[in-house]
Amino acid sequence: MTFAPKKYFGQHFLKDSQTANRIVSFLNIDKCDKIIEIGPGKGALTQFLTSVTAYIKVIEIDSEAVDLLKNQFSDIEIIHADFLKLDLNSIPWKKYSIIGNFPYNISTQILFKILEHRDSIQEVVGMFQKEVAERICSEKKSKKYGIPSVLIQAFFKCEKLLDLNENEFSPPPKVKSSVIKLTRNNVRDLGCDYKKFVEIVKRSFSQRRKKIKNALKNFTNLNDSNLDDMMSKRAEELSVSEFVELTNMISNSK
Ligand code: SAH
């Protein structure tokens, strides 16, 4: 039983089972044994998950893949749904980890959904387009440091663990891939207004070559001298905690 890969679902199946096993082994099952897999496809990762934990839910959009998975795995919960539309609050687990060789066309949206549900998530082991993986993990003062780096690193420790070439997938994607691991940190409350923080990070990086004071024109009262130091830097020079500080300074200056 098999099916032809569907481009519109971003289907690129992992060929090597040793690599799949290695990716699964990046999960810290001792810390959290409830696992949600996004986009299991033909079960490349799922087959190894079943030997490390009994608590698995997989979410797959493609009905052909769902049929195949139901045949192959009788003991796991197979949810036929679009991950982006699924109400994660309906998952009865208090804490879970996420794994997946993510469909690249929706990887940013997956990340934002993960951020939204951050307080239920212990860790994420995910395959991303290499460039996106590097953006998530990069540190300040790098050209790759941007909106996803700041928003994700505010709540997760980020590590790049593995690079994969195009030919490790069938059919091969046009881009290289990397597996990263995000581990939830201890931050529950950022220490500033979260919505405002997101808006300031987005606005600051939308004109990343400009000084913050120019990027945030129309948004804040620039007459406050407390802001001067921060405001004359560029977005890529600010750490997560400096963005928090900036958010608080702007909130207080109004
Ligand atoms: N994990 C498998 C397949 C990866 S390909 C492997 O490594 O071989 C990406 C998978 O995500 C495909 O099975 C695709 O059907 C599924 N997918 C794509 N969009 C999805 C969505 N919105 N929700 C859930 N699954 C999705």
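Numbering of ligands and ligand atoms starts at 1, following listing order.
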Should you measure from each heavy atom of Ala81, which atoms of ligand 1 turn up under 4.0 Å away? 23 (N), 24 (C)

Of the protein's non-hydrogen atoms, which lies at the shortest distance from atom 6 (C) of ligand 1, and what is that distance? Asn101 ND2, 3.5 Å

Can you tell me which portion of Ala65 lies within the under-4.0 Å heavy-atom range of ligand 1? Options are side chain, backbone, both, or neither. neither

Passing candidate, side-chain hydrogen bond (donor to acceptor under 3.5 Å, both in side chains) with Lys176, options Glu131, Gln129, Glu166: Glu166

Distance-minimising heavy-atom pair for Met127 and Tyr104: CG-OH, 3.2 Å

Can you confirm whether Lys57 is buried at NZ, in the sense that more than 12 heavy atoms of other residues, nucleotides or ligands lie under 6.0 Å from that atom? yes

Could you tell me the residue and atom name of the protein heavy atom closest to atom 11 (O) of ligand 1, and the distance to it rounded to 0.1 Å? Gly39 CA, 3.2 Å

Does any N or O of ligand 1 fall below 3.5 Å from an N or O anywhere on Lys42, backbone included? no

No-hydrogen, no-angle side-chain donor-acceptor test under 3.5 Å, Glu123 and Asn28: no

The side-chain hydrogen bond (donor to acceptor under 3.5 Å, both in side chains) partner of Asp119 among Lys95, Arg184, Lys94 is Arg184

Check: Gly41 N/O within less than 3.5 Å of ligand 1 N/O: yes

What are the atoms of ligand 1, with element, lying closer than 4.0 Å to any heavy atom of Ile59? 24 (C), 25 (N)

Backbone or side chain, does any N or O of Pro103 fall under 3.5 Å from an N or O of ligand 1? no

Heavy atom of Ala20, distance to ligand 1 below 4.0 Å: no

Glu134 bridged to Lys144 by N-O distance under 4.0 Å: yes

Atom 2 (C) of ligand 1: of Pro40, Ala44, Ser170, the nearest heavy atom sits on Pro40

Shortest protein heavy-atom distance from atom 22 (N) of ligand 1, along with the residue and atom involved: Asp82 OD1, 2.8 Å

For atom 23 (N) of ligand 1, the protein heavy atom that lies nearest, with its residue and separation: Phe83 N, 2.9 Å

In the protein, which heavy atom is nearest to atom 13 (O) of ligand 1, and how far is it? Glu60 OE1, 2.8 Å

Do NZ/NE/NH1/NH2 and the carboxylate oxygens of Lys140 and Glu242 come within less than 4.0 Å? yes

Below 4.0 Å from any atom of ligand 1, is there a heavy atom belonging to Glu37? yes

For His12, take its heavy atoms, then give the atoms of ligand 1 lying under 4.0 Å from any of them. 4 (C), 5 (S)

Purely on distance, is any nitrogen or oxygen of Asp62 under 3.5 Å from one on ligand 1? no

Which residue owns the protein heavy atom closest to atom 26 (C) of ligand 1, what's the atom, and how far is it? Ile61 CG2, 3.5 Å

Distance alone, cut at 3.5 Å: any donor-acceptor contact between the side chains of Thr2 and Lys42? yes

heavy-atom search around atom 8 (O) of ligand 1 in the protein gives Leu14 N, 2.9 Å

Quick one: does Phe156's side chain get under 4.5 Å of Arg118's, heavy atoms only? yes

Result of checking Ile61, Ile106, Leu88 against Phe83 for side-chain contact (heavy atoms from CB on, under 4.5 Å): Leu88

Do any nitrogen or oxygen atoms of Phe13 come within less than 3.5 Å of a nitrogen or oxygen of ligand 1? no

Short side-chain donor-acceptor distance under 3.5 Å, Glu236 and Ser142: no

Quick check, are the ring centers of Phe102 and Phe128 under 6.0 angstrom apart? yes

So does Lys6 have more than 12 non-hydrogen atoms from other groups sitting under 6.0 Å from NZ? yes

Nearest to atom 18 (C) of ligand 1, what protein heavy atom do you find, and at what distance? Phe9 O, 3.1 Å

Has Gly10 got any heavy atom lying under 4.0 angstrom from an atom of ligand 1? yes

Quick one: look at Ile106 and ligand 1, take heavy-atom pairs under 4.0 Å, and tell me if it's side chain, backbone, both or neither. side chain

Would you check the N or O atoms of Gln11, main chain and side chain alike, for any that come under 3.5 Å of an N or O of ligand 1? yes

For the side chain of Gln11 and the backbone of Gly41, is there at least one donor-acceptor N/O pair under 3.5 Å apart? no

